[in-house]
Amino acid sequence: MTRRVLFVRDSTPVSPAHYLHRALEDEGADVYPIYIDRFRWSYQYGNRLPGLRSQWPDLYYQPSLGPLRRWGRFDLVLVSDWLRVPEKVLRLGKLSAFWAFDPELRPDSAFYDGRHRYRDLPPFDLIFNSQPTLGAWLKDDYPSSKVYTLPFAAPRHLYAGLHGARSRPSGFVGTLKAGKRLSFLRELERKVPGFYLPEDRLFTPWEYATEMSTLRASVNLSENHEVAIRAFEAVAAGCILVQDQVADLETLLGDELYRIGVVTFQEQDRAPEAIRTAVGRSASDPTVHDRIRALALRDHSYHARAREILRRSGLS
């Protein structure tokens, strides 16, 4: 069965859209990508002018419509987050879907807050939303769309082969941005023996996955009480995730993975205790890391997300 998918995606080479594109092809979809550099001055300028919010996408995509129409009708037009498309592009497919993979609840910022960013969407048949906290709002505002939860994920090809020794009891791998999380991590560095906090640098995807897999416990603090991508990457690396309590984390990860792969804390000063619990779990059951990784890659890889999109679109 040929599944023709027109994928309007961010051109960034390391992104959820890149990994989903790869997974869709692995799952047998014939993907026709439109790469949009949303950081281009022309794209940003047009979308920030209130009078051009509805007109600019038509102008931006107009040169591409001829070749797209010559390709014929697609089974699905899939649009990734942060990108605006005119209805004439959506009509190239039998179905249209919007993948809202990066929503946040930030009342202080109209730019980042999903309740503002997702206003005035064109009429998509399907909306896939990574944060259940926004699901009810999307259903109310877009009653003609079918809204489904599609959480973040991890790229299977980066994590499946990592089975090295876990030489570090706990730590954090990633970019150290100024703010409450950095202060929290610096405090743990002082209080928790052997806490690994690498120098601030931009890891390649392979370096990031490899460094993560050296940890027994991967520590995180949510920015805005969201279920972030780091949670899925940590368990895909086989780590026990230690983080603050966040609504929907257990629901999204699943009961079994949450039970063996997550330790939470309510107050930040209880994080060292949670880390000791996680490291103790690892010491008493060294096989727990392989079980965590297996469950994560079964249920939370981009391949699993690609299969869900195709299934919900009637293309599986």
Side-chain angles (χ1 to χ4, degrees), residues 9-10 12-24 38 80-83 98-106 112-114 117 128-135 148-160 162 171-177 179-182 184-185 202-213 215 217-254 257-258 261-262 264 292-293 295-306 308-309:
R9 50 155 293 193
D10 195 315
T12 307
V14 181
S15 68
H18 169 75
Y19 294 131
L20 183 68
H21 181 167
R22 177 173 181 160
L24 283 166
R38 66 182 178 90
S80 68
D81 209 342
W82 292 96
L83 301 180
F98 181 68
W99 181 31
F101 66 79
D102 194 24
E104 294 186 54
L105 291 169
R106 289 180 55 176
Y112 284 104
D113 193 337
R117 281 204 290 118
F128 297 101
N129 168 43
S130 69
Q131 300 292 336
T133 47
L134 276 176
Y148 300 105
T149 297
L150 194 77
F152 278 116
R156 189 177 69 187
H157 68 285
L158 292 178
Y159 292 92
L162 298 175
F172 173 92
V173 179
T175 303
L176 302 176
K177 295 185 294 185
K180 68 174 185 178
R181 186 167 62 190
L182 179 56
F184 167 72
L185 293 171
L202 189 63
F203 291 94
T204 68
W206 177 253
E207 288 173 334
Y208 178 83
T210 303
E211 290 283 291
M212 185 80 80
S213 69
L215 302 175
S218 175
V219 182
N220 183 47
L221 183 70
S222 66
E223 294 280 356
N224 296 290
H225 304 290
E226 79 287 0
V227 182
I229 193 170
R230 185 176 302 278
F232 298 95
E233 293 166 339
V235 291
C239 304
I240 298 172
L241 173 67
V242 177
Q243 81 154 60
D244 54 319
Q245 291 183 350
V246 174
D248 300 313
L249 180 60
E250 182 174 2
T251 300
L252 294 182
L253 286 179
L257 181 54
Y258 185 86
V262 179
T264 62
I292 290 170
R293 179 193 286 109
L295 287 169
L297 293 180
R298 183 192 72 185
D299 297 335
H300 300 298
S301 69
Y302 284 99
H303 288 74
R305 303 295 181 256
E308 181 70 2
I309 288 174

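Positions are given from 1, in the same order as the sequence printed here. In this text, all values refer to a predicted model and were calculated from it rather than measured experimentally.
- Summarising the local packing, CZ of R181 is surrounded by more than 12 heavy atoms from other residues, nucleotides or ligands at distances under 6.0 Å.
- Contact of the Y148 side chain with the E308 side chain is not registered, since no non-hydrogen atoms from C-beta on lie closer than 4.5 Å.
- A search for side chain to side chain contact (heavy atoms under 4.5 Å, CB included) contacts involving A304 returns S301, R307, not counting sequence neighbours.
- With contacts defined as side-chain heavy-atom distances shorter than 4.5 Å, the pair L20/I309 qualifies.
- Residues L295 and V235 have side chains not in contact (no heavy-atom distance under 4.5 Å, counting atoms from C-beta outward).
- For A23, the side chain to side chain contact (heavy atoms under 4.5 Å, CB included) partners two or more places apart in sequence, or in a different chain, are Y302, H303, A306.
- Of the possible donor and acceptor atoms, none in the side chain of H225 sits under 3.5 Å from a partner among the backbone N and O of A247.
- Within the 4.5 Å cutoff, the side chain of Y258 has heavy atoms near those of the T264 side chain.
- With R230 contributing its side chain and L221 its backbone, the two residues share no donor-acceptor pair below 3.5 Å.
- A donor-acceptor pair is defined here as one N or O able to donate and one able to accept, closer than 3.5 Å; such a pair exists between the side chain of R305 and the backbone of D299.
- Side-chain N or O atoms of D81 include one that pairs as donor or acceptor with a backbone N or O of D102 at under 3.5 Å.
- A 4.5 Å side-chain heavy-atom check between L253 and F232 finds at least one atom pair inside the cut-off.
- Considering only heavy atoms from C-beta on, W82 stays 4.5 Å or farther from D10 through its side chain.
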### Task
Could you check F101 against S80 for side chain to side chain contact (heavy atoms under 4.5 Å, CB included), going step by step and ending with a plain yes or no?
CA-CA 8 Å; F101 66 79; S80 68; 4.1 Å; yes
### Task
Begin with the C-alpha distance, continue with both residues' side-chain angles, and end with the deciding distance and a verdict on side chain to side chain contact (heavy atoms under 4.5 Å, CB included) for L257 and H300.
CA-CA 11 Å; L257 181 54; H300 300 298; 3.7 Å; yes
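- Annotation: side chain of Q243 is in contact with side chain of L249 (closest heavy-atom distance under 4.5 Å).
- Taking the side chain as every heavy atom from C-beta outward, Q131 and F152 approach each other to under 4.5 Å.
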